[in-house]
Each structure stands twice: as C-alpha cells, then as structure tokens.
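Below, read A as the first sequence line, B as the second, and so on, with proteins coming before strands; counting in each chain starts at 1.
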Amino acid sequence: MEGLTQAETRELEQRMQKRQVKEFFGLFSNLVDHCFMSCIDDFTSKSLTTRESGCVSRCVQKHMALSQRLSERFQEHNAQMQQQQQQQLQSQLR
Amino acid sequence: MSFLGFGRPQQSSAEKIAAVEAEMRLLTEMANRLTKTCQKKCVPNDYREAELNKGESVCLDRCAAKFFDVHMKISEQLQQESQNRGGGSGLGF
C-alpha cells in the first residue's frame with residue numbers, strides 16, 4: 001500500500017470493512033448449504049435428529065479448522081512471493 | 001502481486017484505491033477457491049469428528065502447495081501462449 005494519504009487509507013479501510021461483511025455473509029451461506037447437504041438426510045420428522053445436529057456442529061468446527069489452516073498456508077505463500085519479487089527487483093536494479 | 005509504480009503518471013486517489021481493492025479482491029477470491037477445492041479433495045463429508053485428523057491436515061497442506069503451483073504454472077503458460085500468438089499483452093496475473 002505505497003503512498004496512500006491518510007484520507008485514502010481511511011476510505012480504503014471503510015471499503016474493506018464493507019467487503020469483509022459481504023464476505024462473511026457469503027461464507028456463512030456456503031457453510032449452511034454445505035453442512036446441510038452433508039448432514040441432513042432424514043426427513044421422517046421435522047426436527048433435527050441428534051445425529052444430524054451433532055453432524056452440523058462438527059461440520060462447522062471442521063470447516064473453521066480447515067479454513068484457518070489453508071489461510072495460514074496462503075499467507076505463507078504470499079510472503080514467499082513478495083520476498084521473491086523483492087529479490088528479483090534487487091537483482092534487476094544491480 | 002503488487003503493481004510497480006515505475007514511470008507511471010500520478011494516479012488519482014480513486015485509481016489508487018481501486019488498484020488496492022482489486023488486488024485484495026483477487027487474493028480473497030483465490031483464498032476462497034483454495035478452501036473450496038482443497039476441502040473437496042481432502043475432507044470427506046461425513047463429519048463424524050470435529051477435528052481434522054493428521055491425514056486430512058497433511059493433505060490440506062499439500063493440496064495448498066499444489067494449488068499455488070498450478071496457479072503459477074497456468075499463469076506462465078497463458079502468458080507464453082499469448083506472447084506466441086504475437087503481441088504479449090502481459091496480463092501479469
């Protein structure tokens with residue numbers, strides 16, 4: 001984020017916040033769909049069975065865990081890419 | 001993935017903000033696709049347990065590494081192809 005004024009930074013932060021809210025709702029919807037598809041298959045009654053309920057709960061937990069893990073890998077990858085770019089830049093400037 | 005500002009005319013506020021936003025959006029999309037894809041490849045849908053077991057964890061790590069490699073590989077190949085067809089438009093992914 002090179003050379004942004006304070007006002008620009010603030011504007012950017014606001015936009016990012018809005019985007020993050022949108023993002024969250026997107027993830028939430030996907031999670032509902034996914035866990036529903038994976039866990040719910042008993043339509044002999046209206047209420048969730050204990051099994052289904054537990055499954056949904058585990059589904060969410062597992063999803064959060066995998067999401068976090070992949071997010072870490074992604075950040076490591078980005079850091080590596082930035083480092084490589086900088087090294088390339090430096091060697092070009094010589 | 002940052003844009004280098006070499007020899008560029010002064011960007012307006014709106015342009016600068018839009019550029020950063022666009023980059024963020026790309027990254028977020030990529031992160032989401034990574035999650036969706038590797039979840040499908042590595043985590044079965046039965047959810048008998050709440051925690052990732054060792055096998056799933058290792059699979060996710062490897063899946064992520066391969067995902068990035070494929071991303072790079074295709075990016076390079078597309079650039080190569082577009083150069084071969086004359087006029088590298090240099091789409092710098």
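- Highest contact tally toward chain A, considering only B:C38, B:S57, B:A31, is held by B:S57 [criterion: heavy-atom pairs under 4.5 Å].
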### Task
Test side-chain contact (heavy atoms from CB on, under 4.5 Å) on A:E23 and B:N32 and set out the steps.
CA-CA 10 Å; A:E23 192 60 39; B:N32 287 344; 2.6 Å; yes
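- Here CZ of B:F68 is found 9.0 Å from CE of A:M81. Values are rounded to the nearest 0.5 Å.
- Taking non-hydrogen atoms and a 4.5 Å limit, the residue list of residues 57-70 of chain A in contact with chain B, ordered by number, reads A:R58, A:C59, A:Q61, A:K62, A:H63, A:A65, A:L66, A:S67, A:R69, A:L70.
- For a residue to count as touching a neighbouring chain, one of its non-hydrogen atoms must lie under 4.5 Å from one of that chain's; by this rule A:R19 touches chain B with the side chain only.
- Here the closest heavy-atom approach between residue B:L34 and residue A:F74 is recorded as CD2-CB, 4.2 Å.
- Crowding of B:R62 atom CZ: a count of heavy atoms from other residues, nucleotides or ligands under 6.0 Å not exceeding 12.
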### Task
Begin with the C-alpha distance, continue with both residues' side-chain angles, and end with the deciding distance and a verdict on side-chain contact (heavy atoms from CB on, under 4.5 Å) for A:L12 and B:M24.
CA-CA 11 Å; A:L12 190 66; B:M24 293 271 104; over 6 Å; no
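- With rounding to the nearest 0.5 Å, the separation of OH in B:Y47 from SG in A:C39 is 7.5 Å.
- For B:R25, the part lying near chain A is the side chain, with the backbone staying farther off; criterion is any non-hydrogen pair under 4.5 Å.
- With rounding to the nearest 0.5 angstrom, the CD1 atom of B:I17 is 5.5 Å from the CD atom of A:E8.
- Heavy atoms closer than 4.5 Å to chain B are found nowhere in A:C35, neither backbone nor side chain.
- At most 12 non-hydrogen atoms from other residues, nucleotides or ligands lie less than 6.0 angstrom from CD of B:E49.
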### Task
Could you go through the side-chain contact (heavy atoms from CB on, under 4.5 Å) check for B:Q39 and A:H34 one step at a time?
CA-CA 11 Å; B:Q39 177 177 15; A:H34 176 79; 3.1 Å; yes
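- Residue A:L48 is not grouped with residue A:M37 when hydrophobic side chains (ILVMFWY) are merged at heavy-atom distances under 4.5 angstrom, including chains of intermediate members.
- Options A:R15, A:E72, A:H77 differ in how many heavy-atom pairs under 4.5 Å they form with chain B, and the most are formed by A:H77.
- Heavy-atom contacts from other residues, nucleotides or ligands closer than 6.0 Å to CD of B:E51 number 12 or fewer.
- A continuous path of Ile, Leu, Val, Met, Phe, Trp and Tyr side chains, each step under 4.5 Å between heavy atoms, connects B:V20 with B:L27, placing both in one hydrophobic cluster.
- By the 6.0 Å contact criterion, CD on B:Q77 is open, its count of non-hydrogen atoms from other residues, nucleotides or ligands being 12 or less.
- Considering SG of A:C55 and CG of B:D46, their distance stands at 8.0 Å, rounded to 0.5 Å.
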